[in-house]
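Inspection log for the structure reproduced underneath, given as structure tokens.
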Amino acid sequence: MNTTDGLKEVVALFVNFLAVFFYANALLTAGLYLYARSRRQMMGFQDGIHIAQMASGFIALICGVVLIYQFPFHYVNVTIASTLIGMAAGVIFGALFHHEALLSGYAHGMMMGLMSPMIGAAAKNSFPFLLFVELFFMFSLVFVFHFIKKRNDSW
Amino acid sequence: MVIPFILMLNSGCAFAAFLILKKKRSVIHKRLERVLIGLGSSVMSLAISMNVQLWLHVLAFAIYLSVLFGVAIGVVFGLLDMRQLMMIGYQQGLIGGLMGAMLGAVVLNPSLCGLPAEYGNSIETHTAAFSFFSLFLSAATVGLIYFINESSEVNSEV
């Protein structure tokens with residue numbers, strides 16, 4: 001009886017862990033959006049395109065992986081959800097700058113969102129892979145943050 | 001049965017995007033046109049190659065055919081205004097064609113990605129769902145291209 005209770009606790013912890021990952025990623029991206037919005041006047045032409053592509057692509061990637069870990073029996077719905085999340089993130093980030101950034105973020109978020117449940121399903125619920133993708137997501141956020149900061153300092 | 005119909009509608013969407021870009025090519029800025037050609041060729045080649053892969057999956061050369069369709073659509077989009085833009089159309093069309101072919105192959109054979117075995121019972125449902133989703137994507141892209149063209153026409157005359 002003890003072992004099944006322990007197993008249930010571990011499973012509940014893992015499920016909550018995925019939800020916490022999802023929520024924390026959304027919050028971090030929202031914070032990056034607010035930071036980019038406060039500094040958007042200083043950005044050049046290509047910078048907006050790169051920021052929109054980085055943000056939308058990696059939020060779509062991590063959302064697809066987390067959602068397919070959580071709901072492995074709903075591949076179609078997870079693909080549609082992650083694609084819409086990537087498209088929305090690209091449009092929201094790109095709308096800060098100009099039309100080219102909007103279109104680039106839209107296309108890039110859509111591509112990454114279509115691919116991400118596939119790689120998540122191929123990883124077969126491996127926990128190190130989730131940490132690996134999360135690490136790349138964090139690095140991308142830090143890079144974008146650092147980029148905006150450097151670009152503002154140099155002016 | 002639903003897939004040829006949706007393939008026809010997707011081809012109509014691609015043709016509409018091509019006509020919009022062709023009509024507006026002299027009024028918009030060159031760098032916006034470059035991004036628009038990349039977007040249109042990638043999304044349209046993705047949708048059409050996924051539909052071709054889902055439709056003709058019994059043939060052995062369906063995957064080559066779908067990638068070739070994607071590349072052809074990209075090149076046609078790229079040759080719209082300048083010769084130099086054929087390169088970006090070719091690149092984005094090839095990427096979209098490969099991704100559409102892979103997506104269609106995974107939908108038809110879910111064990112490629114290690115998805116659970118229960119997916120084997122509902123391949124037709126997934127096929128129809130992905131076809132409608134590709135139609136939604138191409139229609140949304142045509143709408144986006146139309147509104148971006150309409151709204152940025154004035155800014156480019158500077």
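Treat the numbers as computed from the prediction; the structure is a model and nothing was measured.
The environment of OH in B:Tyr90 is sparse: at most 12 heavy-atom neighbours from other residues, nucleotides or ligands sit within 6.0 Å. Annotation for B:Phe130: atom CZ counts as buried by contact number, over 12 foreign heavy atoms lying within 6.0 Å. Atom CE of B:Met87 sits in a sparse spot, with 12 or fewer heavy atoms from other residues, nucleotides or ligands closer than 6.0 Å. Taking a 6.0 Å sphere around CZ of A:Phe136, one finds it holds 12 or fewer heavy atoms contributed by other residues, nucleotides or ligands.
Follow the hydrophobic side-chain contacts under 4.5 Å out from B:Phe77 and you never reach B:Leu19; the two are in separate clusters. Hydrophobic clustering, with ILVMFWY side chains joined whenever heavy atoms are under 4.5 angstrom apart, keeps A:Tyr23 apart from A:Tyr33. B:Val75 is not connected to B:Leu46 by any chain of hydrophobic side-chain contacts under 4.5 Å among Ile, Leu, Val, Met, Phe, Trp and Tyr, and they are in different clusters. B:Leu54 and B:Tyr64 end up in the same hydrophobic cluster when Ile, Leu, Val, Met, Phe, Trp and Tyr side chains are linked at under 4.5 Å. At a threshold of 4.5 Å between side-chain heavy atoms, the hydrophobic network of Ile, Leu, Val, Met, Phe, Trp and Tyr places A:Val133 and A:Leu27 in two separate groups.
The distance from atom NE2 of B:His126 to atom CG of A:Asn77, rounded to the nearest 0.5 Å, is 8.0 Å. Separation of atoms OH (A:Tyr106) and CD1 (B:Ile145) is listed at 8.5 Å; rounding is to 0.5 Å. The CG atom of A:Leu114 sits 9.5 Å away from atom CE of B:Met102, with the distance rounded to the nearest 0.5 Å. Taken from CE in A:Met87 to OG1 in B:Thr141, the straight-line distance is 6.5 Å, to the nearest 0.5 Å. Considering NE2 of A:His99 and CG of B:Asn149, their distance stands at 10.0 Å, rounded to 0.5 Å.
With a threshold of 4.5 angstrom between heavy atoms, A:Met111 approaches chain B through its backbone and through its side chain. Both the backbone and the side chain of B:Leu32 come within contact range of chain A, with heavy atoms under 4.5 Å apart. With a 4.5 angstrom heavy-atom cutoff, B:Thr125 does not touch chain A via any of its atoms. For B:Arg31, the parts sitting under 4.5 Å from any heavy atom of chain A are the backbone and the side chain alike.
Of the listed residues (B:Val107, B:Leu36, B:Leu39), the one with the most heavy-atom contacts under 4.5 Å to chain A is B:Leu39. Ranked by heavy-atom pairs under 4.5 Å with chain B, the first of A:Ile49, A:Ile68, A:Thr83 is A:Thr83.
In terms of heavy atoms, A:Met110 sits closest to B:Val43 at CE-CG2, 3.2 Å. The two residues A:Tyr75 and B:Val106 come nearest to each other via the heavy atoms OH-CG1, 3.8 Å.
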Item to check | A:Ile80/B:Phe136 under side chain to side chain contact (heavy atoms under 4.5 Å, CB included): CA gap, chis, key distance, verdict | outcome: CA-CA 11 Å; A:Ile80 291 173; B:Phe136 164 73; over 6 Å; no
